[in-house]
Amino acid sequence: MAVDKILKDEASEEKGERARMASFVGAMAIADLVKTTLGPKGMDKILQSTGRGREVTVTNDGATILKSLHIDNPAAKVLVDISKVQDDEVGDGTTSVVVLAGELLREAEKLVAAKIHPMTIIAGYRMAAECARNALLQKVVDNKENEEKFKLDLMKIAMTTLSSKILSQDKEHFAKLAVDAVLRLKGSTNLEAIQIIKKPGGSLKDSFLDEGFILDKKIGVGQPKRVENAKILVANTAMDTDKVKIYGARVRVDSMSRVADIEAAEKQKMREKVDKIIAHGINCFVNRQLIYNFPEELFANAGILAIEHADFDGIERLALVTGGEIASTFDNPESVKLGHCKLIEEIMIGEDKLIHFSGVEMGQACTIVLRGASHHVLDEAERSLHDALCVLSQTVNDSRVLLGGGWPEMVMAKDVDELARVTPGKKSHAIEAFSRALVAIPTIIADNAGLDSAELIAQLRAEHQKEDCTAGIDVITGSVGDMAELGISEAFKVKQAILLSATEAAEMILRVDQIITCAPRRREDRM
Amino acid sequence: MALAFDEFGRPFIILKEQDQKTRLRGLDAQKANISAGRAVARILRTSLGPKGMDKMLQSPDGDITITNDGATILEQMDVDNQIAKLMVELSRSQDYEIGDGTTGVVVMAGALLEQAEKLLERGIHPIRIAEGYEMASRIAVENLELIAHKFDFGVTNLEPLIQTCMTTLSSKIVNRCKRSLAEIAVKAVLAVADLERKDVNLDLIKVEGKVGGKLEDTELIYGIVVDKDMSHPQMPKQIEDAKIAILTCPFEPPKPKTKHKVDIDTVEKFQTLRKQEQQYFDDMVQKCKDVGATLVICQWGFDDEANHLLMHRNLPAVRWVGGVELELIAIATGGRIVPRFQELMPEKLGKAGLVREKSFGTTKDRMLYIEHCANSRAVSIFIRGGNKMMIEETKRSLHDALCVARNLIRNNSIVYGGGSAEISCSVAVEAAADRYPGVEQYAIRAFADALDAIPMALAENSGLQPIETLSAVKSQQIKENNPHFGIDCNDVGTNDMCEQNVFETLIGKQQQILLATQVVKMILKIDDVISPSDY
């Protein structure tokens, strides 16, 4: 007797070979999708959103591309997820991790077709990944002790990261910006402290790092446009009508004159509040919330510069740079820490007026102003810079550095190949496949640059048989070059994260032998 | 559907809308039920054992789960068939009761159903089969008691516990670092265990996960990890010898539950109200300060003003901490949860050696660690991993391992894994069968055959010849009279499970057999299925 359906209508179930096929195909499709963006000569993608306005994004950042895709294939979703994690964790290498996982699965497919059990492949991959990681660990350079060299390393890493992005034309300029910004953080990974302001107009070259802090706000009417030796009170308080917060309170009066009285009392209350604030002996007041006209006028009378509606991030950063504390009550002026800075002035960038705080006490935060021809360029520039900043801030904590340009992959591949030779049993096929997948990355970089990848990789492999080889692909001249000389470096942490999460994801997908898809949840048809 | 007619040829309508319902009766119903049950078991069969495969499940909302945990697979599968739902319940109850062996129990039930079908075809009444199964299960459970070993473990000798947890973990995706995870699980359970009463409250073990890093970074924290940060960015990030006030009242003006209105009609009233409000905030913070608290953990939010006052008085605070976490913090720090500011007292404060904030990755993710607590009876396991699915799967695997460790503390008897216990039971049941007169004998024999299904599936999943391997192991067990021989799934070279250190808990195994038998009995007793036809 035939089985009735066990699952609900519309739910589907795929088993064994078919399930494996579905996940391989899905994962490889995703890898192929982002493959062409890899490397310094990688191409960009245009993404059009389905939302209103059909907004367009031009990008070459793997995580951004994958995030915007609507994907149905479950295996593909795993890859999207690892790329997202890579973005959160180290910030760069979002494309590489997907491509490597895709290549691992592509090799695994061949092995499965050759009747090797997925569990055997997984065992092989695990051994290979461990071996590859050890190979990298042996080759890392750590220049933490030597500050000069370390800064140079950071510079190189920033340039390598940026060279595959839209900023590659001015990579030196931006690498310097990024390194300076990160070094100011002094080891913290809190990138919030680095503010990026985007202003269309000018060219990318006009972007600059400002030592101080720039707030994208206007100064209140009739207030001084320039304050020297500013004492700043950073606040988060209501400066509109200060409501009585006790629950259920309401104003109920019986005559017009009473209304006027209460209004006057309210005004009086506000005046008192302003007086208290002024009593702090400040000459600049920055509030997170709105400042109404009445208090604004009072501030103007007192010659105090008042800035309203600085958003939450702005307030936090401002507190960080000026060394003040964010205040909400003003009763004890003596114990509130005020922020200080040498000069506050209004500056013009393009057509917009911004407020510039310079000569700040705590040098932790800084502002990078990006200029560029269009919003798309600026958005992409911001993403690229963000990648670079992430990598750098991670490198400051974990200062181990590797060479770039396909060098780490070749080093790993070499060691993994050796491991394959000494491993008995079927696992060695899988280990060999792992090394092929690793080599695929320099191959793709070369292909994307329009080079003869087969020739180059063969040369590279031969070079790497020598001890202490530093050869990698020099995309600019289209030949094998010395990476140490060219100054192409990558952070060890990024490479390790790529290796581990790609292997983990491939393993996860390989272990699956059945896919059960539930019926999609019905949307209520109200239309 | 068969209808009865009266003398005028009109049908008797017994059920409401009778003609719209489908009905299966007698043997047909039983067979349909059996095949549905078997279909569910078939799905899980390939996940059994250390070489079992995973399933990828896509939820109605498109989320992906990759798992090899039987209970999770069945729960997410969105089953429609009634009998299949029974199987889902079966694995769930194993999960609640034991926590591990959720796949095995379903495979076992499937095998029992398969055998029952053969007996039905021979014309044996389902109730007789059910009775035979019942007898057989009793024999099997007794046999398990016989072959079970008790082992002693103490705080110094954790090895047996760790080995048993490793057996559980080896079938999961986390088997790469099963050793360290097993150690974590055992230590966590021992930290919260009440060895006197032989009880473990698993609620005291908090399992948190965060994507990023690698699986090896997973750690056990003797304290609590909360996914929150300080309410004010400028509060200190590290507090030593913290005295913690645990509050469930908000730092906000009071909101009486009875409806009321405060009417403001004069300027004086307006001003007094304002004063009161200020006073109120001040009082709240002052009370916390007065009792000597150095950290405030609150279930609710803070008003901006209160937040600043806290900051101002150098009193770090954490807001929006969930109820469960709050309870755990209270247990760990030995504090009391205080519902009103008026009731704050120095002895109600919790104590912790170190409270620190830790940030992760490039985003603004921060977690609060509360460590070196006064009472280390609450612990946290903090999982790291490459992606979200990995974390989820690790959580499930760790849950299994924790349950196993707990079961061992409750009852320190173990049986050997790798199918050896099932084979031994099968031999015992087979031998006992001949002593029973009557039709039940056949059912008991069938039960013995069904028990073979688990080692068979193990062998099959490991790429071995199932029948050949099973018969070899079985003859070895009988010949040497040693119930430790099982299937050598990992190709280690020996099939003595004692040497391989593959253990399972006795109660887990007994429960598996009993639960599977019960469900099968229930399914066999159904002889009529009435269901509304498709609507």
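Lettering follows sequence order; numbering is per chain, from 1.
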Calculate, to the nearest 0.5 Å, the distance between atoms [atom1] and [atom2] belonging to [X] and [Y] respectively.
X        : Y        : atom1 : atom2 : result
A:Gln514 : B:Asp54  : CD    : CG    : 11.5 Å
A:Ile509 : B:Met56  : CD1   : CE    : 5.5 Å
A:Met119 : B:Asn461 : CE    : CG    : 8.5 Å

Point to revise | B:Gln58 (side chain) donor-acceptor with A:Asn73 (main chain) under 3.5 angstrom | key: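 No: the side chain of B:Gln58 does not pair with the backbone of A:Asn73.
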When you compare the side chain of A:Ile516 with that of B:Ile43, does any pair of heavy atoms fall below 4.5 Å?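 Side chain of B:Ile43 against side chain of A:Ile516, heavy atoms only: contact under 4.5 Å found.
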Non-hydrogen atoms of chain B under 4.5 Å away: do they reach the side chain of [X], the backbone, both or neither?
X        : result
A:Ala502 : neither
A:Ile122 : neither
A:Met508 : both
A:Val97  : neither
A:Glu130 : neither

* Asked: Quick one: what part of B:Gln82 sits under 4.5 Å from any heavy atom of chain A, side chain, backbone, both or neither?
  ->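 B:Gln82 has no heavy atom closer than 4.5 Å to chain A.
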So what's closer than 4.5 Å to chain A heavy atoms on B:Ile64: side chain, backbone, both or neither?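 The side chain, not the backbone.
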Within 6.0 angstrom of [X] [atom1], more than 12 heavy atoms from elsewhere:
X        : atom1 : answer
B:Lys210 : NZ    : yes
B:Asp283 : CG    : yes
B:Lys237 : NZ    : yes

Can you tell me which of A:Asp513, A:Ile515, A:Leu500 forms the most heavy-atom pairs within a distance under 4.5 Å of chain B?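 So the answer, after comparing A:Asp513, A:Ile515, A:Leu500, is A:Asp513.
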### Task
Among the options A:Ser501, A:Pro74, A:Ala19, pick out the one with the most heavy-atom pairs lying under 4.5 Å from chain B.
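Top count of heavy-atom pairs under 4.5 Å with chain B: A:Pro74.
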Next on the checklist: To check you understand the geometry: which heavy-atom pair defines the closest contact between B:Met53 and A:Pro118, and what is its length?
Outcome noted: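 That would be CE-CG, 3.7 Å.
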Checklist entry - If you look at every heavy atom in A:Arg511 and B:Gly52, which pair is closest and at what distance? => result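 Shortest heavy-atom contact: NH2-O, 3.8 Å.
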I'd like to verify something: which residue of B:Lys388, B:Glu393, B:Met389 has the highest number of heavy-atom pairs under 4.5 Å with chain A?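 Most pairs with chain A among the choices: B:Met389.
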